[in-house]
Amino acid sequence: MTSVVFLGDVWLRKPRSATVPFLDPVILNLEAPITLRTVGYPGKINLRSDEPYFQSAFRGETLAVCLANNHCMDFFGEGLTDTLTSLQLQGVPSFGAGTLGQNVGNPLIIDMGPVMLGLCGYVCSTAHPVFATTTGPGVKPIDPVEIARDIASARRKGATKVVVYLHWGVEEVHLPRPEDRELARAVVAAGADLVIGTHAHVLQPWERIDGVWVFYGLGNFMFADIDGPGDYDTAGVPARHIRKRWHRWNRRSIGVRYNVATGEVEPLGFEDQGARVMAATVQEVGGYELRKANAHAYGRSFFWSHVYGMVRAKIGAFIAEPKRIRLRHFRALAAMIGEVIPGGPGRKG
């Protein structure tokens with residue numbers, strides 16, 4: 001065994017089957033803790049699974065899971081501990097979340113026979129994660145200096161190739177942020193052999209930087225609609241019931257088949273049709289390699305991609321759950337667009 005398939009975001013609230021023969025074991029981003037806890041971390045959309053349903057979904061083909069995301073601490077450190085215990089009982093190793101004393105599980109080294117695979121995971125602060133501290137568990141930020149140290153540690157432990165998972169980007173936006181493209185260069189310079197991106201919940205393009213493939217966002221491979229309490233206060237009381245229905249553009253993703261021995265990659269297309277996940281061509285799901293462009297031209301493309309993504313998400317939410325249109329809805333839409341217009345009234349930071 002020298003090849004693995006990397007998948008994007010996975011969250012299951014009930015048993016499902018992927019129905020796709022991967023031929024190789026999979027490594028996925030497990031987007032929710034496995035816990036029975038009911039008091040959520042304050043101010044978040046809180047996701048959880050009662051059981052490790054992903055195991056039945058992938059017929060035991062899971063090689064490892066990445067926990068470096070903004071939901072692994074949705075039910076505090078106790079929920080993360082429950083998750084780690086459950087994974088251990090299932091015989092599935094993880095990386096990217098834990099205590100600083102454990103370096104949040106980075107790097108995880110997997111013996112693949114003739115080769116060794118190193119895995120590390122990190123989360124961007126804009127995703128609103130819970131970072132590990134000296135007093136509590138969590139995740140690590142995307143810091144090229146820290147990443148370089150972890151990659152060097154993986155090499156010392158015998159890793160032939162080191163893959164870095166980055167939870168970053170803007171949700172619902174199909175292009176990576178200009179600053180993330182620069183950050184990708186720094187991660188490649190830190191020694192990564194492959195970069196896998198998650199978080200946007202839509203498929204984003206990929207590019208090759210100094211011979212290293214960077215996949216900015218794999219999209220949702222298998223992700224349940226959100227329907228539950230959230231925005232807990234410090235007393236453990238949810239402020240609202242959160243509903244979010246995913247649309248067809250949220251259900252298209254790619255996997256990345258990676259040969260650890262040769263470094264070769266092969267994008268694989270998937271579409272979650274509800275009853276089952278179907279294999280598709282990369283072109284059918286909208287996957288493509290990012291073209292080279294100067295900073296100004298790319299910045300303009302990202303701006304319009306951001307506006308389009310935000311507006312489409314709002315319209316999709318309205319169609320899924322129609323409401324009486326009020327003036328405040330137009331004001332909210334204008335404020336949202338202002339967030340991405342340079343100098344706009346809603347611009348932050």
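Bear in mind the structure is a predicted one, so any value in this text is a computation, not a measurement.
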For Val163 and Ile196, run side chain to side chain contact (heavy atoms under 4.5 Å, CB included): C-alpha distance rounded to whole Å, both residues' side-chain angles, the deciding distance at 0.1 Å, then the answer. CA-CA 7 Å; Val163 178; Ile196 299 292; 3.9 Å; yes
Begin with the C-alpha distance, continue with both residues' side-chain angles, and end with the deciding distance and a verdict on side chain to side chain donor-acceptor pair (under 3.5 Å) for His296 and Arg300. CA-CA 6 Å; His296 178 72; Arg300 189 166 60 245; 3.0 Å; yes
Hey, mind stepping through Asp193 and Arg155 against salt bridge (Lys or Arg N to Asp or Glu O under 4.0 Å) and telling me if it holds? CA-CA 11 Å; Asp193 294 301; Arg155 303 284 188 209; 2.9 Å; yes
Carefully, step by step, assess Tyr122 and His167 under the rule ring pair (Phe, Tyr, Trp, His ring centres under 6.0 Å). CA-CA 6 Å; Tyr122 311 87; His167 207 70; over 10 Å; no
Kindly indicate, with the supporting measurements, whether the criterion side chain to side chain donor-acceptor pair (under 3.5 Å) is fulfilled by His247 and Arg252. CA-CA 9 Å; His247 302 277; Arg252 292 172 167 173; over 6 Å; no
Where do Gln88 and Thr85 land on the side chain to side chain donor-acceptor pair (under 3.5 Å) test, with the steps shown first? CA-CA 5 Å; Gln88 185 177 23; Thr85 300; 5.4 Å; no
Which is it for Asn69 and Cys72 under the side chain to side chain contact (heavy atoms under 4.5 Å, CB included) test, yes or no, and what are the steps along the way? CA-CA 6 Å; Asn69 55 62; Cys72 69; 3.7 Å; yes
Between Arg177 and Thr126, does the side chain to side chain donor-acceptor pair (under 3.5 Å) criterion hold? Intermediate values first, please. CA-CA 12 Å; Arg177 295 174 299 191; Thr126 59; 3.1 Å; yes
Test side chain to side chain contact (heavy atoms under 4.5 Å, CB included) applied to Ile226 and Trp246, step by step: CA-CA 8 Å; Ile226 298 172; Trp246 300 113; 4.3 Å; yes
Run the side chain to side chain contact (heavy atoms under 4.5 Å, CB included) check on Leu36 and Asp82 step by step: do they pass? CA-CA 8 Å; Leu36 297 176; Asp82 292 342; over 6 Å; no
After noting the C-alpha distance and the side-chain angles of Glu271 and Arg248, does the key distance pass the salt bridge (Lys or Arg N to Asp or Glu O under 4.0 Å) rule? CA-CA 8 Å; Glu271 183 168 351; Arg248 190 174 184 186; 2.7 Å; yes
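The backbone N or O of Ala235 lies less than 3.5 Å from a partner atom in the side chain of Asp233, making a donor-acceptor pair. Under a 3.5 Å cut-off, the side chain of Thr281 and the backbone N or O of Glu284 do form a donor-acceptor pair. One N or O on the side chain of Asn259 and one on the backbone of Thr262 form a donor-acceptor pair closer than 3.5 Å. With hydrogens and angles disregarded, a donor-acceptor distance shorter than 3.5 Å links the side chain of Thr81 to the backbone of Gly77. Remark: side-chain polar atoms of Ser3 are not paired, donor with acceptor, to backbone N or O of Asp24 under 3.5 angstrom. The closest donor-acceptor contact from the side chain of Arg16 to the backbone of Gly274 lies under 3.5 Å. The backbone N or O of Ala64 lies less than 3.5 Å from no partner atom in the side chain of Thr62, so there is not a single donor-acceptor pair. Although no hydrogens or angles enter the test, the distance criterion places a donor-acceptor pair under 3.5 Å between the side chain of Gln102 and the main chain of Thr99. Of the possible polar contacts, none joining the Asn220 side chain to the Arg251 backbone as a donor-acceptor pair under 3.5 Å is found. Of the possible polar contacts, none joining the Asp150 side chain to the Ser153 backbone as a donor-acceptor pair under 3.5 Å is found.
The shortest side-chain heavy-atom distance between Val256 and Leu268 does not fall under the 4.5 Å cut-off. Leu67 is not listed as a side-chain neighbour of Val139, based on a closest heavy-atom distance of 4.5 Å or more. Residues Pro205 and Pro176 form a side-chain contact, since some pair of their non-hydrogen atoms from C-beta on lies under 4.5 Å apart. Taking 4.5 Å as the limit, some side-chain heavy atom of Val164 sits within range of a side-chain heavy atom of Ile147. Inter-residue side-chain proximity for Leu183 and Pro144 is flagged as met; some heavy-atom pair is nearer than 4.5 Å. No side-chain heavy atom of Arg48 sits under 4.5 Å from any side-chain heavy atom of Arg37. Asn70 places a side-chain heavy atom less than 4.5 Å from the side chain of Glu31. At least one side-chain heavy atom of His71 sits under 4.5 Å from a side-chain heavy atom of Asp74.
Surrounding OH of Tyr308 are at most 12 heavy atoms belonging to other residues, nucleotides or ligands under 6.0 Å away. Around the NZ atom of Lys14, the shell of radius 6.0 Å holds no more than 12 heavy atoms that belong to other residues, nucleotides or ligands. Dense packing is recorded around CG of Asn294, with more than 12 heavy atoms of other residues, nucleotides or ligands lying under 6.0 Å away.
Linking Ile, Leu, Val, Met, Phe, Trp and Tyr whenever their side-chain heavy atoms come within less than 4.5 Å leaves Phe75 and Ile242 in two separate clusters. Hydrophobic clustering, with ILVMFWY side chains joined whenever heavy atoms are under 4.5 angstrom apart, keeps Val202 apart from Val285. Phe223 and Ile27 fall into different hydrophobic clusters, defined by Ile, Leu, Val, Met, Phe, Trp and Tyr side-chain heavy atoms under 4.5 Å apart, directly or through other members. Val130 and Ile45 fall into different hydrophobic clusters, where Ile, Leu, Val, Met, Phe, Trp and Tyr are joined by side-chain heavy atoms under 4.5 Å apart, directly or via other members. Neither Tyr165 nor Ile109 shares a network with the other; the hydrophobic side chains, linked directly or stepwise wherever heavy atoms of I, L, V, M, F, W or Y lie under 4.5 Å apart, form separate groups for each.
Ring centroids of Phe54 and Phe221 are separated by 6.0 Å or more, keeping the two rings apart. When ring centroids are compared, Tyr216 and Trp168 come within the 6.0 Å threshold.
Rounded to the nearest 0.5 Å, atoms CG (Asp227) and CZ (Arg243) are 5.0 Å apart. Expressed to the nearest 0.5 Å, how far CE of Met278 lies from CG of Asp272 amounts to 11.0 Å. Put simply, NZ on Lys292 and CZ on Arg208 are 10.5 Å apart, with the number rounded to the nearest 0.5 Å. Once rounded to the nearest 0.5 Å, the distance linking CG of Asn103 with CZ of Arg149 reads 10.0 Å. Between Leu117 atom CG and Leu108 atom CG the span is 8.0 Å, to the nearest 0.5 Å. Note: Cys66 SG to Leu119 CG = 8.5 Å, rounded to the nearest 0.5 Å.
Taking every heavy atom of both residues into account, Asn106 and Gly96 meet most closely at OD1-N, 3.3 Å. Among all heavy-atom pairs drawn from Tyr232 and Tyr41, the shortest one is CB-O, 4.1 Å. For the pair Leu203 and Gly217, the tightest heavy-atom approach, listed with the atom from each and the gap, is CD1-O, 3.4 Å. Of all heavy-atom pairs spanning Trp249 and Glu172, the tightest one is NE1-OE1, 3.2 Å. Of all the heavy atoms in Arg13 and Tyr53, the pair that sits closest is O-CE1, 3.3 Å. Closest non-hydrogen pair, Val265 versus Tyr258, comes out as CG1-CD1, 3.6 Å.
For the pair Arg181 and Tyr298, the cation-pi test (distance below 6.0 Å, angle within 45°) is passed.
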